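See structure below.
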Protein chains: 2
Amino acid sequence: MQATDAPKQASADKLALDLGAVMRHLITHTGRDFFHEVERLDLSLSQIKTLQFMADREPGTLRALSDELGLSLPGVSRAIDGLHKRGMVKRVEDPDDRRAKRVSLTAKGKRTFDGLMALRVAGLREFVADMSAEERDALERGLRPLMERPDIAALRPGGRR
Amino acid sequence: MQATDAPKQASADKLALDLGAVMRHLITHTGRDFFHEVERLDLSLSQIKTLQFMADREPGTLRALSDELGLSLPGVSRAIDGLHKRGMVKRVEDPDDRRAKRVSLTAKGKRTFDGLMALRVAGLREFVADMSAEERDALERGLRPLMERPDIAALRPGGRR
DNA sequence: TATTGTTATACTCTATAACTATA
DNA sequence: TATAGTTATAGAGTATAACAATA
């Protein structure tokens with residue numbers, strides 16, 4: 001077992017290292033505009049997470065946000081409060097439980113979030129545009145099997161394909 | 001020009017989206033142990049950056065760290081101070097300019113940083129180990145041209161190949 | 001006077017604790 | 001009593017301002 005698995009293991013390690021190098025390159029080189037815009041909008045990390053969570057969901061409670069994002073309830077309350085002041089979020093009292101509030105993105109909130117996502121993709125698009133045809137073709141084929149996984153495909157903005 | 005570039009543009013956009021989805025998956029699924037260890041060691045983000053910067057460089061000044069990491073000089077001073085208290089960094093007065101101090105990693109600091117890097121790779125290695133042979137082979141071939149780029153290859157821990 | 005690094009201070013972010021209102 | 005959310009308070013982290021030592 002050891003003898004036969006050794007080469008497979010070595011090549012898997014090599015692939016992990018390659019993947020790490022490419023990720024590190026992408027993280028450091030394709031995120032600039034995105035982070036500048038976050039800074040310009042003066043949004044906290046919790047607010048970004050909150051926008052993202054609300055972007056593709058039905059109106060939900062603060063409790064749900066807190067649980068699923070791993071943030072404290074006061075933290076979510078404050079984050080939402082800031083977004084609300086900027087007109088990015090609307091809160092409506094839940095008619096069935098007057099303690100709870102259903103929060104969701106306004107048109108402006110959706111627009112802001114979409115703009116941020118567009119910047120994130122723009123960095124990657126620029127990287128892709130600068131690739132040679134050979135690099136691009138290879139990478140496209142290389143990612144194809146992974147994109148068949150539903151959980152990964154679901155992370156693509158704008159649907160599975 | 002427009003007519004002939006359109007399909008190429010579309011496929012490039014698709015690749016950028018795929019790449020984004022894979023990155024997002026990797027970031028959320030392969031970093032757990034790394035972040036737990038950072039928390040356990042009680043290191044700030046500035047301290048991680050500082051360790052990383054010092055890991056593969058000659059002893060440098062705080063000013064250099066501040067400039068290249070985009071952190072304030074007091075921030076660097078405090079970060080280094082914390083690392084020094086934990087025995088991860090040594091400071092020596094620059095003999096040529098007694099205002100300046102040359103800081104570098106101790107053996108313990110190097111060991112700590114290497115341990116963190118190992119955890120980061122371990123998450124990726126696990127992901128790779130769980131891939132099907134088809135996915136793995138495809139990805140390996142897909143990354144190969146990119147790994148020929150010196151700037152990306154240089155990001156691989158432990159040398160270019 | 002300019003520069004390296006430290007210390008003083010202020011601000012942001014987010015957590016836990018205390019509170020209000022519903023259930 | 002228990003729960004949803006808010007407000008009060010405290011702590012971490014990092015920035016700008018003020019400072020000391022050296023150039």
Side-chain angles (χ1 to χ4, degrees), chain A residues 35-54 57-86 88-105 112 116, chain B residues 35-54 57-86 88-105 112 116:
Chain A
F35 288 113
H36 284 165
E37 181 65 359
V38 168
E39 194 172 344
R40 196 186 69 77
L41 291 168
D42 195 27
L43 293 170
S44 72
L45 191 58
S46 295
Q47 287 172 323
I48 304 288
K49 283 187 190 174
T50 302
L51 285 175
Q52 172 144 38
F53 185 86
M54 289 189 293
R57 260 164 262 238
E58 297 301 306
T61 63
L62 299 212
R63 161 62 50 190
L65 277 165
S66 168
D67 288 346
E68 300 210 36
L69 296 177
L71 301 169
S72 69
L73 193 51
V76 171
S77 180
R78 286 248 145 80
I80 292 282
D81 205 51
L83 294 174
H84 185 252
K85 275 178 186 135
R86 274 167 263 194
M88 296 182 187
V89 157
K90 54 175 175 283
R91 300 146 145 156
V92 270
E93 204 177 58
D94 186 327
D96 298 338
D97 181 347
R98 288 176 46 216
R99 291 170 307 178
K101 290 172 186 175
R102 307 244 148 217
V103 291
S104 55
L105 293 187
T112 302
L116 283 172
Chain B
F35 288 114
H36 284 164
E37 181 65 0
V38 168
E39 194 172 343
R40 196 186 68 77
L41 291 168
D42 195 26
L43 294 171
S44 71
L45 190 58
S46 295
Q47 287 172 323
I48 304 289
K49 283 188 190 175
T50 302
L51 285 176
Q52 173 145 37
F53 185 86
M54 289 189 292
R57 259 165 262 240
E58 296 300 306
T61 63
L62 299 211
R63 160 65 47 193
L65 278 165
S66 168
D67 289 346
E68 300 210 36
L69 297 177
L71 300 169
S72 69
L73 193 52
V76 170
S77 181
R78 287 247 145 80
I80 291 283
D81 205 50
L83 294 174
H84 185 252
K85 275 179 185 133
R86 274 168 263 194
M88 295 182 188
V89 157
K90 54 173 175 282
R91 300 146 146 154
V92 270
E93 204 177 59
D94 186 328
D96 298 338
D97 181 348
R98 288 176 47 216
R99 291 170 308 180
K101 290 174 185 173
R102 306 246 148 216
V103 291
S104 55
L105 293 187
T112 302
L116 283 171

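The shown structure was predicted, so the numbers you read here are calculated from the model rather than taken from an experiment. Numbered from 1 within each chain, the chains take letters A, B, ... in sequence-line order.
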Residues in side-chain contact (heavy atoms from CB on, under 4.5 Å) contact with B:Ile48, at least two apart in sequence or another chain: B:Val38, B:Leu43, B:Leu116

Of all residues at least two apart in sequence or in a different chain, which pass the side-chain hydrogen bond (donor to acceptor under 3.5 Å, both in side chains) check with A:Arg99? A:Asp97

Give the rounded distance in Å between these two atoms: NE2 of A:His84 and P of D:dT7. 12 Å

Pairs under 3.5 angstrom, nitrogen or oxygen only, protein versus nucleotides 15-20 of chain D, please.
from   : atom 1 : to      : atom 2 : distance (Å)
D:dA15 : OP2    : B:Ser72 : N      : 3.2
D:dA15 : OP2    : B:Ser72 : OG     : 2.7

Specify the separation, in whole Å, of atom CG of A:Leu45 and atom C1' of D:dT14. 16 Å

A:Lys90: partners by side-chain contact (heavy atoms from CB on, under 4.5 Å), with sequence neighbours left out: A:Ser104, A:Thr106

What is the distance from CD of A:Gln47 to C1' of C:dC13, rounded to the nearest Å? 10 Å

Can you list everything that forms a salt bridge (Lys or Arg N to Asp or Glu O under 4.0 Å) with A:Arg102? Sequence neighbours excluded, please. A:Asp94

When you check the phosphate oxygens OP1 and OP2 of D:dT14, does a side-chain N or O of B:Ser44 lie under 4.0 Å from one of them? yes

Provide, to the nearest angstrom, the distance between the CG atom belonging to A:Leu41 and the P atom belonging to C:dT12. 17 Å

Can you pull out every salt bridge (charged side-chain N to carboxylate O under 4.0 Å, His left out) where at least one residue sits in residues 74-85 of chain B? Sequence neighbours excluded, please. B:Asp81-B:Lys85, B:Asp81-B:Arg91

In Å, rounded to the nearest 0.5 Å, how long is the span from CG of A:Leu41 to CD of A:Gln47? 10.0 Å

Any salt bridge (charged side-chain N to carboxylate O under 4.0 Å, His left out) pairs touching residues 38-53 of chain A, not counting sequence neighbours? A:Glu37-A:Arg40

Between C:dT12 atom P and A:Leu43 atom CG, what is the distance in whole Å? 15 Å

Take the protein atom CG of B:Asp81 and the nucleotide atom P of D:dA12, then report the distance between them rounded to whole Å. 15 Å

What's the CG-P distance between A:Asp42 and C:dC11, to the nearest Å? 15 Å

Atom-pair distance (CZ on B:Arg102; P on C:dT4), nearest Å: 11 Å

Taking distance alone, no hydrogens or angles, what donor-acceptor pairs closer than 3.5 Å link side-chain atoms of residues 65-77 of chain B to residues at least two apart or in another chain?
from    : atom 1 : to      : atom 2 : distance (Å)
B:Ser66 : OG     : B:Leu71 : O      : 2.7
B:Asp67 : OD1    : B:Arg63 : NH1    : 3.3
B:Ser72 : OG     : B:Gly75 : N      : 3.0

Please write out each protein N/O paired with an N/O of nucleotides 21-23 of chain C under 3.5 Å, distance rounded to 0.1 Å.
from   : atom 1 : to      : atom 2 : distance (Å)
C:dT22 : OP2    : A:Arg98 : NH2    : 3.3
C:dA23 : OP1    : A:Arg98 : N      : 2.9

Output the residues of residues 58-66 of chain B in contact with DNA chain D, where contact means a heavy atom of the residue under 4.0 Å from an atom of the strand; sort by number or write none. none

Just to confirm, is there a sub-4.0 Å distance from OP1 or OP2 of D:dG5 to any side-chain nitrogen or oxygen of A:Ser77? no

Under 4.0 Å, counting only non-hydrogen atoms across every strand here, what does A:Arg91 touch: a base, just sugar-phosphate, or nothing? sugar-phosphate

Going by heavy atoms in the side chains, are A:Val103 and A:Thr61 under 4.5 Å from each other? no

